[in-house]
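Proteins come first, then strands; the chains are lettered A, B, ... in the order of their sequence lines, and each starts at number 1. Side chains are part of it too, since the values below use all heavy atoms of this structure and drop only hydrogens, waters and symmetry mates.
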Amino acid sequence: MQANVAELLAVDLTVEYPSGQRVLNGARFTMSSGEILGLVGESGTGKSTLALAILQLLPPGTRLDGSVRFRGKELVGLSERDLRQIRGKQISLILQSPMTALNPALRIGEQLWQAWIAHGPRDREAFQMRLERLMGALRLPTDRGFLQRYPRELSVGMAQRVLIALATLHQPRLLIADEPTSALDLLTQAETLELLAELNRESGIGILFISHDLNCVAQVCDRVAVLHGGEIVECGPVRDVFERPAHPYVKRLVQMLGARTPVRNRHPSPAT
Amino acid sequence: MKLSLRLARGTLLILAGVSLTAEWVAPHHYAEQFREAINEPPSWRFPLGTDGLGRDRLSRLIYGARVSLLLAPLAAGLATSLAGLIGIASSLSGPWLERLLLVSTDLWMTLPWVFLLLTARALLPLDTEPFASVTITFLLLGLLGWPATARIVAARAQQISQATYLLQARACGERRHQLWFRHVWPNLRPVLLAQFWVLVPAFILAEANLSFLGLGVSEPLPSWGSLLRDLENPGALWTQPWIAAPAVVVVIVIACLHGVLPETGGRQ
């Protein structure tokens, strides 16, 4: 594969769990800078594994073969030290359920501060300034009272946005969002999608949007990759894949989406 | 705050205050003998009567509270720290060391530790200094009381190490010490605190049991256990019901400690 200037991420991964189960089997795709790529597939097909594998965060004992190239740099085999420098600064991850991804014993402000000093200087002022901009963009309050809250005192939608703030604090090049909408109701789902699209428009951040919801993918993504049986069976612009699916599995998926679309149109969600 | 909780707290505070200021509060010194007044019933001079050696029972109860109320928390602190260290070490270490630590914890737990305490204490000479006997008794309690807590800490640490928020923090690129002090420790602390408060009353009772057998705090220093020895003769209870006062106080303190417990342990 030729190294492309605009290439953000090139993945070719085989992952085997300690139990011997092979979750990913040569899953291969590329992303270019500033695009939103949807990664779809059924539950249990290894979408989350792929997300963790990109950041080399798989549990110990997991076998990982292949390569993850981020802006021309190979991440597989990198030392934990070097990986730490990349995590959260260049590539961020948002884990599935916002309520468990936030530490229940830490106030929101403290959690954001910890993520800040992981890469930035211990500069309260700079932190405050960055926070104000970010929280404004995410439509979150910045007053002390809010930052003093514990995660359990937030709504799921708010927790989700705090998580996005946590992940975009250092303006990474790539944001991996693992099912960011699956725990949300329709309204907050639409809001989150809008926020992600906005982030992408304004800061040119590349987003790997992992979801099993084709509707969400169709709404925000430029391209879509379909994971099935440990491989990417189809990858291309959203319209192409949804209108002319080639792989039988993708055909079935799209048919199901087609069957649901009219229902959505008759009952548009309040946010649209 | 619930009334029962306030009551429990208040009672404990008052008792702790009284026992700390025993020198001023107690009518007499704990070892002072009034030979003309042996086994006296309660009077203005001796509110709870005197014992067989002519010592004021109330004063001994107050001084005894100091031994139990101060040293039990110290012993509980020692046991909780040991449990914390061992529990955390086992969850941080590799599979081999973890197994070794947990197996030795289990082994330690299966030891007949009341018997061990008795043996260890019986090995000490009878004329051990009263203060040394107190220290040794609670040191033994602290050293023997950690395994169950260590098990709980290890289980909780294991659970935290697999928590999503820890993975999220790692994905944010946080450093090892941040993960440890900012993410793991705040979640582990409530468990240790709760365990501490469970151990305090357990140790108070353990000391009382040992001293009741004559193997705890040695004379003339009073402790609740040694005061309970006067109850050995049940017949005496009918003729001198006031000698049951130490037992009543022990029951009240234990009940109060259990009353304060959920508030401390349940806080996130």
Which atoms of [X] approach chain B - backbone, side chain, both or neither, heavy atom under 4.5 Å:
X        : answer
A:Gln96  : neither
A:Ala167 : neither
A:Leu52  : side chain
A:Leu102 : backbone
A:Leu83  : neither

Filter on ring-ring contact (aromatic ring centres under 6.0 Å, His included), then keep only pairs touching residues 73-112 of chain B, sequence neighbours left out; what's left?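 Listed once each, the pairs are B:Trp108-B:Trp146.
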Tell me, side chain or backbone of B:Leu167 under 4.5 Å from chain A's heavy atoms, or both, or neither? both
Option that, when pairs with chain B are counted at under 4.5 Å, heavy atom only, ranks first among A:Arg84, A:Gln56, A:Glu80, A:His119: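 Going by pairs under 4.5 Å, I would pick A:Arg84.
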Could you have a look at A:Ile91, A:Ile176, A:Thr100 and say which one has the most heavy-atom pairs with chain B under 4.5 angstrom?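 The answer is A:Thr100.
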Distance-only donor-acceptor check, side chains A:Ser203 and A:Gln171, under 3.5 Å: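 On atom types as modelled, these side chains do not qualify, holding no pair under 3.5 Å.
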Side-chain donor-acceptor pair under 3.5 Å between B:His183 and B:Glu174, yes or no?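 Yes.
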Determine whether the aromatic ring centres of A:Trp116 and A:His170 lie less than 6.0 Å apart. yes
Greater than 12 external heavy atoms within 6.0 Å of B:Glu23's CD: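 More than 12 heavy atoms, drawn from other residues, nucleotides or ligands, come within 6.0 Å of this atom.
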Which heavy atom in A:Gly61 sits nearest to a heavy atom in A:Pro18, and how many Å separate them?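 The pair with the smallest heavy-atom distance is O-CG, 3.5 Å.
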